[in-house]
Amino acid sequence: MENIIVVKSKNFAIRIVKLYKYLNENKKEYIMSRQLLKSGTSIGANVKEAIRGQSKPDFYAKMNIALKEASETEYWLELLKETDYIDEPSFKSVYTDCQEILKILMSITKTQNCNA
């Protein structure tokens with residue numbers, strides 16, 4: 001059975017890569033899009049590392065990093081929307097995915113805080 005956060009974070013990373021390419025090629029935006037690329041793809045990388053963690057503390061440390069990266073990604077998406085680099089329909093679609101990932105990661109990390 002596939003782990004939902006692994007699947008969702010990887011699919012999200014693919015969307016972020018495509019958005020990065022669009023912003024570079026069509027909007028000639030290079031600064032914020034680079035930040036978005038780094039944080040948006042880092043979520044899945046940290047989730048994948050967490051799954052292969054050596055211990056429970058290692059797992060939760062990586063999941064907390066993924067949560068922070070998701071929060072940063074949310075910020076860059078908002079900024080790109082508010083500066084008119086992303087239109088409303090595109091923003092809503094990718095932002096909704098980001099929000100869903102944030103909720104899952106908050107739930108996972110909250111579980112750790114309850115068990116601490």
Side-chain angles (χ1 to χ4, degrees):
M1 185 170 151
E2 289 189 290
N3 184 316
I4 192 75
I5 190 61
V6 171
V7 172
K8 285 187 179 292
S9 60
K10 184 175 184 180
N11 289 339
F12 184 72
I14 292 166
R15 290 193 72 188
I16 292 296
V17 169
K18 290 178 181 180
L19 179 56
Y20 169 78
K21 288 167 64 176
Y22 166 79
L23 289 166
N24 270 229
E25 294 166 8
N26 297 86
K27 298 289 189 170
K28 305 300 182 213
E29 200 300 308
Y30 307 105
I31 308 298
M32 291 181 286
S33 60
R34 179 83 177 129
Q35 294 296 121
L36 176 70
L37 178 68
K38 289 168 72 175
S39 63
T41 56
S42 181
I43 301 164
N46 280 289
V47 165
K48 193 73 171 179
E49 279 188 62
I51 300 301
R52 301 256 191 270
Q54 298 172 335
S55 64
K56 274 192 175 185
D58 187 36
F59 171 84
Y60 286 113
K62 294 295 183 196
M63 284 297 186
N64 274 300
I65 293 169
L67 176 60
K68 290 177 184 180
E69 294 292 342
S71 293
E72 181 181 339
T73 301
E74 178 184 48
Y75 172 80
W76 292 119
L77 288 169
E78 290 168 354
L79 200 55
L80 284 160
K81 163 66 175 76
E82 291 168 23
T83 54
D84 299 320
Y85 282 104
I86 305 174
D87 64 22
E88 186 69 27
S90 300
F91 169 76
K92 281 186 176 178
S93 175
V94 71
Y95 193 76
T96 300
D97 286 353
C98 187
Q99 295 288 302
E100 186 177 1
I101 288 168
L102 276 165
K103 286 177 186 170
I104 295 168
L105 290 169
M106 284 189 272
S107 176
I108 291 168
T109 56
K110 187 184 289 186
T111 302
Q112 178 253 343
N113 291 334
C114 292
N115 294 333

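Predicted, not measured: the structure shown is a model, and the values here were computed from it.
Nearest heavy-atom pair across A70 and C98 is O-SG, 3.6 Å. Heavy-atom minimum distance, M63 versus L105: SD-CD2, 3.8 Å. Minimum interatomic distance between K27 and Y85 (heavy atoms only, all atoms of both residues): CE-O, 3.5 Å. Closest approach of N24 and Y30 over heavy atoms only: OD1-CD2, 3.4 Å. When every heavy atom of M32 is checked against every heavy atom of T83, the shortest pair comes out as CE-OG1, 3.7 Å. In plain terms, the two heavy atoms of G53 and D58 that are nearest each other are CA-OD2, 3.2 Å.
You'll find the side chain of T73 stays beyond 4.5 Å of the side chain of I101, heavy atoms only. At least one side-chain heavy atom of Q99 sits less than 4.5 Å from a side-chain heavy atom of L102. Y20 places none of its side-chain heavy atoms less than 4.5 Å from the side chain of K18.
A distance of 8.5 Å separates OG in S42 from CD in E49, rounded to the nearest 0.5 Å. Rounding to the nearest 0.5 Å places CG of N46 at 11.0 Å from CG of L67. Summarising the geometry, atom CG belonging to N26 is positioned 7.0 Å from atom NZ belonging to K28; distances are rounded to the nearest 0.5 Å. The structure places NZ of K81 at 10.5 Å from CD of E78, a figure rounded to the nearest 0.5 Å. The line from CD1 of I5 to NZ of K48 is 12.5 Å long, rounded to the nearest 0.5 Å.
Shown are K92, K8, R15; of these, the side chain to side chain donor-acceptor pair (under 3.5 Å) with D97 is made only by R15.
At least one donor-acceptor pair closer than 3.5 Å links the side chain of T41 to the backbone N or O of L37. Here the side chain of E29 pairs a donor or acceptor atom with the backbone of I31 at under 3.5 angstrom.
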Which is it for V47 and N3 under the side chain to side chain contact (heavy atoms under 4.5 Å, CB included) test, yes or no, and what are the steps along the way? CA-CA 10 Å; V47 165; N3 184 316; 5.7 Å; no

For D87 and S90, what are the C-alpha separation, side-chain angles and deciding distance, and is it a side-chain hydrogen bond (donor to acceptor under 3.5 Å, both in side chains)? CA-CA 6 Å; D87 64 22; S90 300; 2.7 Å; yes

Derivation of the side chain to side chain contact (heavy atoms under 4.5 Å, CB included) call for I16 and V94: CA-CA 8 Å; I16 292 296; V94 71; 4.2 Å; yes

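Side-chain heavy atoms closer than 4.5 Å link hydrophobic residues (I, L, V, M, F, W, Y) into clusters, and following such links, even through other members, never connects I43 to I65. In this structure, F12 is not a member of the same hydrophobic cluster as V7, with clusters built from ILVMFWY side-chain heavy atoms closer than 4.5 Å. Under the 4.5 Å side-chain heavy-atom criterion for grouping Ile, Leu, Val, Met, Phe, Trp and Tyr, I4 is not connected to I108 through any hydrophobic cluster. Tracing side-chain contacts under 4.5 Å through hydrophobic residues (I, L, V, M, F, W, Y), one never reaches W76 starting from I14; they form parts of separate clusters.
The residues E72 and K68 are annotated as not salt-bridged, no charged nitrogen and carboxylate oxygen being separated by less than 4.0 angstrom.
Few gaps surround CD on E88; more than 12 heavy atoms of other groups in view lie less than 6.0 Å from it. With a 6.0 Å radius and a threshold of 12 heavy atoms from other residues, nucleotides or ligands, Y75 has its OH atom at or below the threshold. Remark: K10 NZ is loosely packed, at most 12 non-hydrogen atoms of other residues, nucleotides or ligands lying under 6.0 Å away.
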